[in-house]
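Numbered from 1 within each chain, the chains take letters A, B, ... in sequence-line order.
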Number of protein chains: 2
Amino acid sequence: MTASPAARPALYRQVTDTLRARLDAGTYQPGDRLPSESILAAELGVHRLTMRRALEELAREGLVQPRQGAGTFVLRRPATLAVTVPLTRGEFTSSLRAQLETQGQRYTDRLAGSEVADDPRARRELRAARTRMRRVDSFLEVDQEVWICSTAWGPDRLLRDVASVWRQTDGIYGVLLDRAALPLRYVWRSFGAEPASVEDAGRMGVKPGSPVVVREGLTADGEGKPVLWVRRRARFDRVRYVLHYDS
Amino acid sequence: MTASPAARPALYRQVTDTLRARLDAGTYQPGDRLPSESILAAELGVHRLTMRRALEELAREGLVQPRQGAGTFVLRRPATLAVTVPLTRGEFTSSLRAQLETQGQRYTDRLAGSEVADDPRARRELRAARTRMRRVDSFLEVDQEVWICSTAWGPDRLLRDVASVWRQTDGIYGVLLDRAALPLRYVWRSFGAEPASVEDAGRMGVKPGSPVVVREGLTADGEGKPVLWVRRRARFDRVRYVLHYDS
DNA sequence: CAGTGGTCTAGACCACGCC
DNA sequence: GCGTGGTCTAGACCACTGG
């Protein structure tokens with residue numbers, strides 16, 4: 001019913017399983033440096049390229065992280081942070097930041113860049129045919145790791161000089177709440193997945209093509225006019241989004 | 001601020017971009033078979049392995065799909081289906097099925113297997129220390145493609161003989177609604193991402209390690225007792241989940 | 001500058017689909 | 001049985017990190 005009578009899996013896949021078993025067993029501990037690719041290849045009697053393919057799988061699963069020139073390191077286990085998604089349109093509590101604080105983890109919302117730019121998708125989402133628009137990039141760093149890359153689009157009028165009012169604890173909504181007189185409201189949020197772009201992968205320290213959780217959202221002001229379209233890409237092994245219906 | 005002064009990207013990455021440009025330009029049309037790896041490699045003057053790495057990226061992005069023995073085919077563009085997630089705990093309308101029907105797409109919810117089994121995670125979620133539990137696997141097929149793989153856990157009492165009452169239009173909730181006298185309610189839903197397992201990847205026709213959207217959820221009966229824990233893995237280029245706050 | 005991961009070419013064999 | 005993608009080995013060079 002499954003496939004042919006269980007053909008022997010490819011060698012690199014067997015190697016992956018061997019290494020995964022060692023990680024599970026604690027042979028290699030989080031933070032440890034693995035033996036070099038050549039050593040491991042020799043030990044298991046395979047070519048270095050085959051070993052690389054195996055290690056690549058593990059990297060994609062978020063178990064290890066290769067660093068050129070330094071070695072391949074065992075990551076700490078995916079203790080995914082469950083970010084609560086509000087079920088009503090008015091709540092703007094950031095469960096993410098609240099949770100990080102209660103767990104005593106240091107986080108910083110860094111502004112990566114900001115420029116006046118144009119994007120058809122953003123224009124459509126914000127229903128802004130002629131407004132001058134600004135794009136703001138930022139990323140959330142937790143315990144030395146980048147967990148989330150964000151891109152926000154909104155009218156330049158509201159986002160001008162973000163750098164000067166940026167607070168590393170509040171992110172883009174902090175800027176907006178300061179400037180938009182009226183209260184903010186959710187219009188929609190969406191959740192999906194995607195392969196990491198080369199740029200995001202570099203920032204997050206994962207392989208290009210690794211899964212990232214994509215959360216998009218549109219926020220409007222009190223009159224219902226869309227003011228911000230945000231697109232967040234988060235490390236799949238660090239972040240997931242939860243809806244609690246028990247309220 | 002980004003990295004070193006733009007080192008020349010790796011050759012395989014340049015090849016990826018070349019091919020991606022051709023796909024964007026329509027040089028290769030959806031449904032077409034690409035020239036073989038050897039031909040393409042020769043044409044661009046690279047080794048076949050380098051070409052393979054490039055094609056692998058495109059496959060991971062959901063743009064092409066290699067089929068052993070047959071060739072590499074251009075997939076139709078990711079017209080992601082937006083599945084509406086209800087904001088109240090009682091609604092059990094399946095926006096997915098409704099949308100597929102209005103779009104005139106044929107779908108089938110296939111039962112893949114069912115067995116009495118045990119799983120610590122499922123036991124914990126369902127708060128069932130000693131109940132005999134059953135696992136039910138199914139997948140949703142749309143237009144010849146598998147879009148979603150599901151695994152559901154619940155008390156054997158409610159899931160016995162699923163095969164005999166399974167309707168290909170209703171899936172697991174259909175079974176449950178038939179048997180649970182009381183109305184069902186959501187307890188929570190969560191959204192994340194993950195690399196596709198080898199098994200799921202095979203069923204969905206994607207590469208192992210490709211991103212999949214993971215939707216988990218716990219459902220309870222009218223008295224609030226958890227009765228079903230579901231874990232869905234969906235193709236990232238076909239499904240995303242949306243919350244509309246504008247109701 | 002030694003050692004590590006990252007890339008690339010070369011050439012071979014295998015498993016599978018299709019004709 | 002031919003052509004396709006899938007795997008594996010061999011050996012080389014490069015880019016980067018760290019002492």
Side-chain angles (χ1 to χ4, degrees), chain A residues 2-19 28 32-60 63-75 198 201-202 205-210, chain B residues 2-19 28 32-60 63-75 198 201-202 205-210:
Chain A
T2 48
S4 50
R8 176 170 77 24
L11 184 53
Y12 74 88
R13 219 167 270 296
Q14 300 177 42
V15 174
T16 307
D17 291 339
T18 303
L19 295 177
Y28 310 128
D32 282 1
R33 202 188 72 179
L34 292 186
S36 77
E37 297 177 344
S38 320
I39 306 275
L40 280 174
E43 185 203 330
L44 297 189
V46 299
H47 187 78
R48 189 183 146 216
L49 257 191
T50 306
M51 179 53 68
R52 273 184 69 76
R53 285 204 68 173
L55 288 167
E56 212 173 303
E57 303 259 294
L58 297 179
R60 229 177 271 285
L63 299 177
V64 303
Q65 183 183 50
R67 290 207 285 268
Q68 181 168 150
T72 301
F73 297 84
V74 182
L75 291 186
V198 178
V206 302
K207 282 216 162 328
S210 284
Chain B
T2 47
S4 50
R8 177 169 76 26
L11 184 54
Y12 73 86
R13 219 168 270 295
Q14 300 177 43
V15 173
T16 307
D17 291 339
T18 302
L19 294 178
Y28 309 128
D32 282 1
R33 201 187 74 180
L34 292 186
S36 76
E37 297 178 345
S38 320
I39 305 276
L40 279 174
E43 184 202 330
L44 298 189
V46 298
H47 187 79
R48 189 184 146 213
L49 258 191
T50 306
M51 178 53 69
R52 272 184 70 75
R53 285 203 68 175
L55 287 166
E56 211 172 304
E57 303 259 295
L58 297 178
R60 228 178 272 286
L63 298 178
V64 303
Q65 183 182 50
R67 291 208 284 269
Q68 183 170 149
T72 301
F73 297 84
V74 182
L75 291 186
V198 178
V206 301
K207 281 217 164 326
S210 284

Tabulate atom names and distances for all N/O pairs under 3.5 angstrom spanning the protein and nucleotides 8-12 of chain D.
residue, atom, partner, partner atom, Å
dC8(D), OP1, Leu11(A), N, 2.1
dC8(D), OP2, Tyr12(A), N, 3.2
dT9(D), OP2, His47(A), N, 3.1
dT9(D), OP2, Thr50(A), OG1, 2.4
dA10(D), N7, His47(A), NE2, 2.8

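- The shortest side-chain heavy-atom distance between Thr72(B) and Leu58(B) does not fall under the 4.5 Å cut-off.
- Distance check: Ser38(A) OG to Arg52(A) CZ gives 10.0 Å after rounding to the nearest 0.5 Å.
- Put simply, the side chain of Leu19(A) reaches to within 4.5 Å of the side chain of Met51(A), judged on heavy atoms.
- A sub-4.0 Å separation between OP1 or OP2 of dG3(C) and a side-chain N or O of Ser36(A) is absent.
- In terms of heavy-atom proximity, Ser210(A) sits nearest to Arg60(A) at OG-CG, 3.7 Å.
- By the 4.5 Å heavy-atom criterion applied to side chains, Leu34(A) and Leu55(A) are counted as neighbours.
- Across its full length, the helix from dC1(C)-dG18(D) to dC18(C)-dG1(D) shows an angle of 10° between the axes of its 5 terminal pairs at either end, rounded to 10 degrees.
- dG5(C) atom P lies 8 Å from atom CG of Leu40(A), rounded to whole Å.
- When every heavy atom of Ala54(A) is checked against every heavy atom of Tyr12(A), the shortest pair comes out as CB-O, 3.6 Å.
- In this structure, Arg52(B) atom CZ and dT7(C) atom P are separated by 17 Å, rounded to whole Å.
- Counting heavy atoms from C-beta on, the side chains of Pro66(A) and Glu56(A) never come closer than 4.5 Å.
- With dT4(C), dG17(C), dG5(D) as the candidates, the nucleotide lying closest to the side chain of Arg33(A) is dT4(C).
- Ser38(B) comes within 4.0 angstrom of no nucleic acid atom, judged by non-hydrogen atoms across all strands.
- Residues that satisfy the side-chain contact (heavy atoms from CB on, under 4.5 Å) test with Ala70(A), not counting sequence neighbours, are Arg67(A), Phe73(A).
- Residue Arg67(A) is in sugar-phosphate contact alone, with no base atom involved, counting any heavy-atom pair closer than 4.0 Å across all strands shown.
- When the C1' atom of dC16(D) is taken as reference, atom CD of Gln68(A) falls 5 Å away, rounded to whole Å.
- Looking only at distances, a side-chain donor or acceptor of Gln14(B) sits under 3.5 Å from a matching main-chain atom of Pro9(B).
- dT7(C) atom C1' lies 11 Å from atom CD of Glu37(A), rounded to whole Å.
- Rounded to an integer number of Å, the gap from CD1 of Ile39(A) to P of dG3(C) is 10 Å.
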